[in-house]
Trainee: 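Starting off with a structure, shown below.
Atoms within each ligand, like the ligands themselves, are counted from 1 in listed order. Note that the coordinates shown come from a computational prediction; the quantities given were computed from them, not determined experimentally.
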Amino acid sequence: MTEPGDSSLLLIDGAALAANYRLLRERARPAECAASVKADAYGLGIDYVLPPLTAAGCTTFFVATIGEAEALRRLAPGATLYALNGMAVGQRDRFRDAAIHPVLNSPQQFGRWWTAAENSADFPAAAIHVDTGMNRLGFTVADFEALCAALLPEQRSRISLLISHLASADRPESGQNAEQKALFDNCRALLPATPASLAASAGLFLGAGYHYQMVRPGIALYGPNPSPGVPNKMKQVITLKGKILQVRTIDRAMSVGYGATHTATRRSRVATVAAGYADGYLRSLGNRGQGWIGGQLVPVIGQVSMDLLTFDVTGIDPRLAIAGESIELIGPHVTVDRVATAAGTAPYEILTGLGRRYARHLMAPAAPGTSR
Ligand SMILES: *Cc1c(COP(=O)(O)O)cnc(C)c1O
């Protein structure tokens, strides 16, 4: 059936998302399973992602910035929210008003937080992020040790979480995992009563020793494989249906798109779809990407334009490959992982780039007794 409209459609499968959350939570039990929903829930849209996660029992969420946390607070009045980027100058009232826990990344931030928290018993408790080898964000181990040596009991009791982040968790064979864990254990010994969290998606699969009191997966919730090298346990959550705007027939030796990078070797049919690099359909997928229509894969031909993308649909039933129908750009047959590999990038970049122009919809739950 053809559908009206001139933009592509992003379907979000709330049941698959909830199932992924439950799988991760079971794996992490008895640790709490929080959800990382920064960057608008990895590009899916926080409004669509929050209800299924909440229904599945998730109560703690991590975002990057205070702005993201404030937006999430409006949707989740009772949830526990952490802002990973820390507490910058001038943000004190925003953290207080929206009841956001700052994740403190330096002695300066700790001082800023304590200035706000000392005489205000309801100022949000803080998490402390210690950098155990990523060399990206967080207290150095030395600064953390100095902090703990000088910590007052009333400060200690208002630190709600100690976190660190693994650099190589997607490679279980990497010695860096055990090195970071050992450093983290040393740090924990200085704050033994404080709940701790080390693992994100990939770290969760390194074993129970990495779970501590909380895990905070992101990417695995949304479908990509958190453990490259073993079969994916996660369900696909998104389907991106690229709207066909026009289908044309071209003769042998005619070219397609900017720079004429594809030339037809036979009489061909070309479907033009409403998605382009401005929608996060990366230019590197030109002449490399694939779609799915009529039960088979079809190749992207030519360069990806800003708003448009072209496929060779010569072998597809002409009643299917027509304007108003769609080609699966991402979904069960063309997974996020597959698109990322074809584009030479990571699934994170494919998801967080998902265009604002796509019409987003929560997928209707499957009727009882049907399978898909
Ligand atoms: C992004 C992030 C996560 C989630 O990582 P995934 O690999 O998406 O599971 C967890 N913790 C921190 C500090 C992060 O920056």
Trainee: Checking Arg92 side chain against Arg112 main chain: does a donor-acceptor pair fall under 3.5 Å?
Mentor: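 Not at all, since once roles are kept as given, no pair shorter than 3.5 Å links the two residues.
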Trainee: Below 4.0 Å, non-hydrogen atoms only: which portion of His165 touches ligand 1? Side chain, backbone, both or neither.
Mentor: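 Side chain only.
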Trainee: Can you find a non-hydrogen atom of Tyr348 under 4.0 Å from ligand 1?
Mentor: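 True for this residue.
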Trainee: In ligand 1, which numbered atoms sit nearer than 4.0 Å to a non-hydrogen atom of Pro217?
Mentor: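 So the atoms of ligand 1 that pass are 9 (O).
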Trainee: Please work out whether the ring planes of Tyr42 and Tyr348 are parallel, tilted or perpendicular, with thresholds of 30° and 60°.
Mentor: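 Aromatic pair Tyr42/Tyr348 classed tilted.
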Trainee: So Glu328 and Thr239, side chain to side chain donor-acceptor pair (under 3.5 Å) or not? Walk me through it.
Mentor: CA-CA 7 Å; Glu328 177 187 313; Thr239 300; over 6 Å; no
Trainee: Here's a test for you: under side chain to side chain contact (heavy atoms under 4.5 Å, CB included), which of Thr341, Asp337, Val336, Thr335 qualifies with Ile350?
Mentor: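 With Ile350 as partner, side chain to side chain contact (heavy atoms under 4.5 Å, CB included) holds for just one option, Val336.
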Trainee: Is there at least one pair of N or O atoms, one from Ser201 and one from ligand 1, spaced under 3.5 Å apart?
Mentor: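 Yes: some nitrogen or oxygen of Ser201 is under 3.5 Å from one in ligand 1.
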Trainee: Under a 4.0 Å heavy-atom limit, does Tyr42 contact ligand 1 with its side chain, its backbone, both, or neither?
Mentor: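 For Tyr42, the contact with ligand 1 is made by the side chain alone.
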Trainee: Report yes if Ala200 has an N/O atom closer than 3.5 Å to an N/O atom of ligand 1; otherwise report no.
Mentor: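 No.
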Trainee: Does the Glu68 side chain pair with the main chain of Ala39, one donor and one acceptor, at a distance under 3.5 Å?
Mentor: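 Answer holds: yes.
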Trainee: Find all atoms of ligand 1 within a distance of less than 4.0 Å from any non-hydrogen atom belonging to Arg136, and give their numbers and elements.
Mentor: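 So the atoms of ligand 1 that pass are 15 (O).
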Trainee: Kindly say whether Ile301 contributes a backbone atom to a donor-acceptor pair with the side chain of Thr310 at under 3.5 angstrom?
Mentor: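 At least one qualifying donor-acceptor pair exists.
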Trainee: For ligand 1, is there an atom lying under 4.0 Å from some heavy atom of Met134?
Mentor: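 Contact absent.
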Trainee: Do Ala220 and ligand 1 have an N or O pair less than 3.5 Å apart?
Mentor: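 By distance alone, the answer is no.
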Trainee: Would the Phe184 and Tyr212 ring centres measure less than 6.0 Å apart?
Mentor: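 Yes, the ring of Phe184 comes within the 6.0 Å limit of the ring of Tyr212, centre to centre.
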Trainee: Has ligand 1 got any nitrogen or oxygen that is less than 3.5 angstrom from a nitrogen or oxygen of Ser36?
Mentor: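 Checking ligand 1 against Ser36, no N or O pair falls under 3.5 Å apart.
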Trainee: Using a heavy-atom cut-off of under 4.0 Å, does the side chain or the backbone of Leu137 touch ligand 1, or both, or neither?
Mentor: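 Looking at Leu137 and ligand 1, no heavy atom falls under 4.0 Å.
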Trainee: Looking at Phe62, does the NZ or CZ of Lys38 lie under 6.0 angstrom from its six-membered ring centre and within 45 degrees of the ring axis?
Mentor: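 No cation-pi geometry.
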